[in-house]
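What follows is a set of notes on a single structure, which appears directly below.
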Amino acid sequence: MAMLMARTEKKAPRQIAEILVAQLRQQEGLWENIEIAGPGFINFFLKATCWHDVLKQISVQGKAFGKGTVGAGKRVQVEFVSANPTGPLHIGHGRGAATGDAVASVLCEAGFEVQREYYINDAGNQMDTLGRSIYLRYCQLQGRDLEFPEDCYQGDYIRDYAREVIDQHGSRFLEMDEAEAIAWFSREGGESIRQGIDTDLQQFGIRFDNWYSEQTLYDRDLVKDGIEALTRDGYTYEQDGAIWFRTTDFGDDKDRVLIRSNGATTYFASDVAYHREKYQRGFDIVIDVWGADHHGYVPRMKAVLAALGRNPEDLQIILVQLVNLLREGEQIAMSTRAGKFVTLKEVVDEVGKDACRFFFLMRRSDSQLDFDLELAKKQSTENPVYYVQYAHARVCSIQRNAAESQVTLPGDDEVKLETLTLAEELQLTKTLSRYPEVVVGAALNYEPHRITFYLQELAAQFHSYYNQQRVIVDDLDTSRARLYLVNAVKQVIHNALTVLGVSSPEKM
RNA sequence: GGCCCCGUAGCUCAGCAGGAUAGAGCGAUCGCCUCCUAAGCGAUAGGCCACUGGUUCGACUCCAGUCGGGGCCGCCA
């Protein structure tokens, strides 16, 4: 402050600080002390009573502590996962899922009105490939000798599904016209896989508010409308028999095809329609969570926004880097094409939902993540999930113990907070007071990992306090005040873990 | 060739409109259970924040370039 003013005031920062401090000191009651440090920093020391108010706030607000209003009720849509319904979710999708869900939660906490949406790519020719893959496996299982093409989906789940169809429908598809049969397999198989994805996500603690089918964009002529709208505004042209969108007008390095020379629309064309429709549904901000391998698509989507006459900032794209799956430090090789990959379900079954989600949120989303299955399972200090959850369980344990000793949690009006005189207690209280700001920061920057880091810091301070001091001591007022403090710690840990989609166990 | 991300302690990573001696976890070494869960705590060692310039009173943070690592660039989805 003083240093910022140094330039305009033409005075030494230190001198300005002196003047400011003299003024500030007139305010009685707030400050414990104010001092000048270094080149002109002004340090404020709030009176302990100011900090004690924080503990009361936490007690009074409970689950609502941390909820803010910066979102101002703005409507936000978070679209994430959106994996093609051609196979089960793999571990890479898991990170996008955990990130998208946590971003949605943290925005909600910050006062935005949030919708979670899954976009189903059920219109392209990959659905046809899916139908054909199942159909061919089906034929094979019925004893037909045929070669399974390389461009078909190789995964075992295709064969499993074909077997299921045989159980339910027998051999009736063998007689049917091939195209008709494939269409059936495509539709029914896709829906079955989609349901499987939904089930896996629910096991992972994620529920979408809306599943949006790409096909419906075509059924409702929205793709056509989208292209027409762009054409009307002069952003398209024809070349080599194709229709192009001049995305270079808006900073893209290359124009993009909307309708191919064979008459088929591109995936990009449905994306135009899809995003156009999102804003028509009234969302102020739209967030897409993508795998980092799609980063090249950012400029063209921003171009869509610009062409629609919207601020490109209204579309936020979160790029999630891929996950390196390890076991005991050894990388686990995966290949989607060969159908050899570790599914999200397998990992959740093995390490549990909590560890899985926490691990995905331990790094900022745009940095690569090593996920060691053995580490995630470890119930030790090396595993940060247990570290944080353990802090919560410990408070619960203290509370059980207090109950046995007839020490009860004091009411907000009777608690004698002045007995909390220790430096660690003040420190803990300060950390608790930061939680709402952490939520705001995480929301405004779409960075849920900030919550994860905050939790680890809070847990560390609590564990340290626990090891130095006993909550239940001889003096009743002190015991009860400390109980009040650790209860606040428990509340904030619970609130933060909830945002991340991780449970807070009472006992471990 | 064009574009994007990354380069901070041995390892994995934080560092929030630029601010005071740069942080955490793991790993290493040494300690701590007659005591509310040792799934914990304390202490020690360990860093030209890749490099070079620029902006600034001040740069790990912003800008340009260099080097090193990774990724993306289809009338595929």
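Remember, predicted model here, so these are calculated numbers, not experimental data. Chain A is the first sequence line, chain B the second, and so forth, proteins listed ahead of strands; every chain is numbered from 1.
- If you check every strand for non-hydrogen atoms under 4.0 Å, A/A292 touches nothing.
- Here B/A77 presents its C1' atom at 14 Å from CH2 of A/W290, a figure rounded to the nearest Å.
- Counting non-hydrogen atoms under 4.0 angstrom, A/D240 reaches a base of the nucleic acid.
- In B/C33 the base sits syn relative to the sugar, since the glycosidic angle is no further than 90° from 0.
- Only the C1' atoms considered, B/C16 is 15 Å distant from B/A24, to the nearest whole Å.
- Because its NZ or CZ atom is both nearer than 6.0 Å to the ring centre of A/W211 and within 45° of the ring axis, A/R194 counts as a cation-pi partner of that residue.
- In this structure, A/R394 has no salt bridge (Lys or Arg N to Asp or Glu O under 4.0 Å) partners at least two apart in sequence or on a different chain.
- Distance noted for atom C1' between B/A45 and B/G31: 15 Å (whole Å).
- Using a 4.0 Å heavy-atom distance criterion, A/K507 is classed as a base contact.
- A donor-acceptor pair under 3.5 Å is formed between the side chain of A/D354 and the backbone N or O of A/S503.
- Of all nucleotides listed (B/C41, B/C75, B/C36), B/C41 comes nearest to the side chain of A/Y387.
- Contact annotation for A/N121: no contact, since no heavy-atom pair falls under 4.0 Å across all strands.
- Counting only distance, with no hydrogens or angles, the side chain of A/T99 and the backbone of A/R95 share a donor-acceptor pair below 3.5 Å.
- With P as the reference atom, B/U61 and B/G15 are 14 Å apart, rounded to whole Å.
- Nearest-nucleotide mapping onto RNA chain B: of A/N84 and A/Q468, the residue sitting toward the 5' end is A/Q468.
- Residues of residues 441-467 of chain A that place a heavy atom closer than 4.0 Å to RNA chain B, in numerical order, are A/H449, A/R450, A/F453, A/H463, A/S464, A/Y466, A/N467.
- As rounded to the nearest Å, B/G40 and B/G47 have C1' atoms that lie 29 Å from one another.
- Going from atom CD of A/E424 over to atom P of B/G40 covers 20 Å, rounded to whole Å.
- Computed from coordinates, the A/N125 CG to B/A77 P distance equals 6 Å when rounded to whole Å.
- Ring geometry, A/F453 versus A/H449: the interplanar angle exceeds 60°, so the pair is classed perpendicular (tilted spans 30 to 60°).
- Across B/A77, B/C36, B/C75, the shortest atom-to-atom separation from the side chain of A/N401 is found for B/C36.
- The CG atom of A/L130 sits 20 Å away from the P atom of B/C76 (whole-angstrom rounding).
- Computed from coordinates, the A/Y153 OH to B/A77 P distance equals 11 Å when rounded to whole Å.
- For an aromatic pair to be called close, the ring centres must be under 6.0 Å apart, and A/Y435 with A/Y454 satisfies this.
- Between the CH2 atom of A/W244 and the P atom of B/G74 there is a distance of 10 Å, given to the nearest Å.
- A sub-4.0 Å separation between OP1 or OP2 of B/C73 and a side-chain N or O of A/R300 is absent.
- With both ends at atom P, the span from B/C5 to B/C41 equals 37 Å, rounded to whole Å.
- Remark: A/H463 engages A/Y387, A/Y390 in a ring pair (Phe, Tyr, Trp, His ring centres under 6.0 Å) (not counting sequence neighbours).
- Side-chain N/O atoms of A/T419 and A/D477 include no donor and acceptor closer than 3.5 Å.
- Residues A/D271 and A/K278 are not paired through a salt bridge, judged by the lack of any N-O separation under 4.0 Å between the basic side chain and the carboxylate.
- Proximity of the aromatic rings of A/F360 and A/F371 is defined here by a centroid distance below 6.0 angstrom, and this criterion is met.
- When the P atom is used for both B/G1 and B/A14, the distance is 30 Å, rounded to whole Å.
- With rounding to whole Å, A/L369 atom CG is found 15 Å from B/G70 atom C1'.
- Nucleotides B/A22 and B/U56 place their P atoms 25 Å apart, quoted to the nearest Å.
- Residue-level contact check: A/E214 touches neither bases nor backbone, having no heavy atom under 4.0 Å from any strand.
- Distance from the side chain of A/Y297 is smallest to B/C76 among B/C75, B/C76, B/C36.
- In secondary-structure terms, RNA chain B builds stems of at least 3 consecutive Watson-Crick or G-U pairs, each pair having both distances under 3.5 Å, at B:1-7 with B:67-73, B:10-13 with B:23-26, B:28-32 with B:40-44, B:50-54 with B:62-66.
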So which protein nitrogen or oxygen atoms get under 3.5 Å of nucleotides 3-12 of chain B's nitrogens or oxygens?
{"residue": "B/U12", "atom": "O2'", "partner": "A/R363", "partner atom": "NE", "Å": "3.4"}
{"residue": "B/U12", "atom": "O2'", "partner": "A/R363", "partner atom": "NH2", "Å": "2.5"}

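- In this structure, A/Y274 has its ring center under 6.0 Å from that of A/Y119.
- Residues A/T421 and A/E425 have side chains that never bring a donor and an acceptor to within less than 3.5 angstrom of each other.
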Check: protein-nucleotides 59-64 of chain B nitrogen or oxygen pairs below 3.5 Å:
none

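- Using modelled atom types, no side-chain atom of A/T69 and backbone atom of A/G111 make a donor-acceptor pair closer than 3.5 Å.
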Could you walk me through whether A/Q427 and A/T431 pass side chain to side chain contact (heavy atoms under 4.5 Å, CB included), step by step? CA-CA 6 Å; A/Q427 188 53 49; A/T431 302; 3.9 Å; yes
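- Checked against the 6.0 Å centroid criterion, the rings of A/Y297 and A/F268 do not qualify as a close aromatic pair.
- Going from atom CZ of A/F358 over to atom P of B/A14 covers 14 Å, rounded to whole Å.
- Taking the P atoms as reference points, B/C51 lies 15 Å from B/A59, given to the whole Å.
- Using a cut-off of 4.0 Å between Lys/Arg side-chain N and Asp/Glu carboxylate O, A/E506 and A/R400 are scored as not salt-bridged.
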